[in-house]
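The structure under discussion appears below in the form of structure tokens.
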2 protein chains.
Amino acid sequence: MDLHILDHRLRVTSICKNGLVDFTHPLIKLIFLRNRTRCKFFSLTETPENYTVVLDEEGFKELQPSEHLQVEGSVWLPLNVVSNGNASSSSQAVGVTKIAKSVIAPLAQQHVSVFMLSTYQTDFILVREKDLDVVIHTLEEEFTIYREVGGECSAVLSQEVHNGFQKNGKEAHQLTVHPVLIPLNHFCVMSLDPDTLPAIATTLIDVLFYSNSPKEGTLPSQDQDCIKFFSFSLIDGYVSLVMDTEAQIRFPADLLFTSSSGELWRMVRIGGQPLGFDECGIVAQISQPLADSDISAYYISTFSFDHALVPEEDIESVTAMLQQKRNEPAC
Amino acid sequence: MDLHILDHRLRVTSICKNGLVDFTHPLIKLIFLRNRTRCKFFSLTETPENYTVVLDEEGFKELQPSEHLQVEGSVWLPLNVVSNGNASSSSQAVGVTKIAKSVIAPLAQQHVSVFMLSTYQTDFILVREKDLDVVIHTLEEEFTIYREVGGECSAVLSQEVHNGFQKNGKEAHQLTVHPVLIPLNHFCVMSLDPDTLPAIATTLIDVLFYSNSPKEGTLPSQDQDCIKFFSFSLIDGYVSLVMDTEAQIRFPADLLFTSSSGELWRMVRIGGQPLGFDECGIVAQISQPLADSDISAYYISTFSFDHALVPEEDIESVTAMLQQKRNEPAC
């Protein structure tokens with residue numbers, strides 16, 4: 001398989017809930033007005049805690065410094081696994097499960113923090129730019145690695161990497177087993193033709209920017225067992241949306257599409273306390289057992305917590321699996 | 001003819017050019033998300049100086065106090081003339097011309113300041129709430145006056161008015177003749193089905209909120225002889241748009257409509273210095289000679305200047321008329 005290091009230098013930021021008003025202007029520009037910005041990688045995810053915005057440096061320029069904006073200090077690079085036809089895996093699973101053993105686990109072993117962003121189209125594995133040498137060295141046995149620069153794609157040669165390469169320490173360490181939350185919402189992972197984005201603009205704006213405003217004649221539905229989670233991304237011209245079925249019914253059914261099987265997904269939210277960005281192996285802890293059972297999973301990291309989405313029919317076995325994990329001695 | 005005092009208590013505000021970013025959130029709500037607000041009267045006009053926002057008290061609540069927001073101190077009430085079939089006027093002219101002699105001139109004589117807002121559908125004459133008694137007394141000879149309250153419409157009886165009525169002083173006074181500017185843009189006055197507003201949302205958002213942002217691959221067109229002027233209003237469910245032909249081509253032609261004759265309009269901007277809100281007779285100065293010549297005119301007051309729109313074929317005679325006016329001794 002091929003691994004591509006994509007030509008985006010990303011920042012991971014968070015806008016606090018009551019600060020969104022101040023960022024409506026740049027965010028609407030980044031979402032809807034493609035000819036007014038050079039931003040090519042944009043992702044916005046609402047969670048109960050905040051809005052996580054991951055975007056390239058052109059997009060980041062649009063966000064004015066503010067007390068409401070937190071910015072993770074690193075530049076992150078997105079990696080993308082491309083199946084080149086002769087993949088050895090016989091797995092039918094999609095999402096992060098496919099790369100659990102080949103990418104996620106080896107990087108965790110090398111203590112490389114990853115920030116995952118699954119979309120309708122693919123799964124982006126974000127790593128810190130400073131970890132790139134370790135990443136290449138770790139993954140080059142399994143993958144042919146290409147680096148995209150300015151539209152050109154060239155193979156990364158090992159000798160380039162080995163100069164100055166320092167392997168991260170490999171001392172044994174305790175993995176924290178984080179508590180998980182399993183909300184009752186059912187989610188769908190969808191896409192739409194980017195040319196039809198204007199047709200859903202007012203609905204999308206309403207959902208993204210006004211979901212906390214009271215609505216005429218309706219009481220806000222506050223189901224304690226559900227979670228507020230909505231993710232929009234526009235990456236290299238591709239749109240991906242993750243929303244629960246309550247949000248989905250607000251959009252015109254003829255414009256959004258999901259995979260032909262139209263499956264629904266349940267969420268496993270990882271972390272009782274905000275996870276931070278330095279701990280390694282969080283994705284691995286979840287994705288490894290899913291891979292062992294060949295259960296598909298999307299995985300979306302946000303500023304505070306991680307979120308895995310698994311097929312609704314698998315949620316009970318996943319819950320049992322995670323429960324068992326918690327009862328095992330940490331290794 | 002009937003004169004209706006509409007059931008809206010309006011505020012006249014101005015957002016400075018670089019403050020628009022801070023007000024994008026409430027303004028998009030007021031324009032596009034009708035079920036999230038009780039605001040029934042909303043108008044936004046961009047001029048080179050600022051954004052004039054006229055809105056009812058429900059809408060005004062959405063605007064947070066800010067150094068970028070100026071608010072005129074009064075509550076304004078919109079008046080509306082309704083032809084009831086047996087109108088005596090034989091004029092074919094539309095807009096403010098129709099009401100120049102019956103409303104504008106008498107109010108100017110009584111020193112009542114007016115703020116005009118012509119739309120595709122009608123012409124609103126805004127007067128200060130504190131002037132209402134004078135307004136009723138002044139116009140009751142010519143009109144049957146109705147007041148709309150909570151959806152009910154009842155005739156205003158003279159005796160109610162005469163109690164406590166004090167006529168404004170009628171001393172002779174010098175009328176300032178303001179300089180005018182005649183930009184080269186051609187304007188159109190348009191409407192659309194409010195249900196199709198979502199279909200033009202991204203274009204309208206782009207024009208209203210991002211017209212000063214640089215656009216990929218294009219240089220901003222800076223024609224010194226043209227003026228930046230764009231007006232949007234959503235009043236009692238009716239949409240009206242005033243834009244120049246350069247903005248018009250950005251909208252889908254099948255959704256916006258104008259009158260069957262599809263006429264274009266030229267602008268006369270009144271005022272070399274900001275006009276303020278206290279001077280009376282400015283609208284009268286322009287509309288009277290237009291009425292004498294039976295030339296149609298829309299009239300849009302903004303926070304700083306007044307703007308009359310006249311048919312393009314009449315712009316030369318209007319220019320000559322105004323030039324002559326400047327040469328007459330002020331009376």
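Chain A is the first sequence line, chain B the second, and so forth, proteins listed ahead of strands; every chain is numbered from 1.
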Around atom OH of B/Tyr238, are there more than 12 heavy atoms from other residues, nucleotides or ligands closer than 6.0 Å?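 Open: at most 12 neighbouring heavy atoms sit under 6.0 Å from OH of B/Tyr238.
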
A quick test of your reading: do over 12 heavy atoms of other residues, nucleotides or ligands sit less than 6.0 Å from CZ of A/Phe277?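 Correct, the count exceeds 12.
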
Chain B contacts: which residues in residues 4-21 of chain A have a non-hydrogen atom closer than 4.5 Å to it?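 Residues A/Val21 are the ones that qualify, each having a heavy atom under 4.5 Å from chain B.
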
Taking all non-hydrogen atoms of both residues, which atom of B/Asn35 and which atom of A/Asp206 are closest, and how far apart?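 Closest pair (atom of B/Asn35, atom of A/Asp206, distance): OD1-OD2, 4.5 Å.
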
Heavy-atom pair of closest approach, residues B/Ile28 and A/Ile205: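 That closest heavy-atom pairing would be CG2-CG2, 3.9 Å.
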
About how many Å separate CG of B/Leu204 and OG1 of A/Thr202, when rounded to the nearest 0.5 Å?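 Answer for the OG1-CG pair, A/Thr202 versus B/Leu204, is 11.5 Å.
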
Got a sec, which pairs hit ring pair (Phe, Tyr, Trp, His ring centres under 6.0 Å) with one end in residues 14-36 of chain B, sequence neighbours left out?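 Listed by first then second residue: A/Tyr210-B/His25.
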
Among B/Ile200, B/Thr24, B/Leu197, which residue has the highest count of heavy-atom pairs closer than 4.5 Å to chain A?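 Result: the option with the highest number of such pairs is B/Thr24.
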
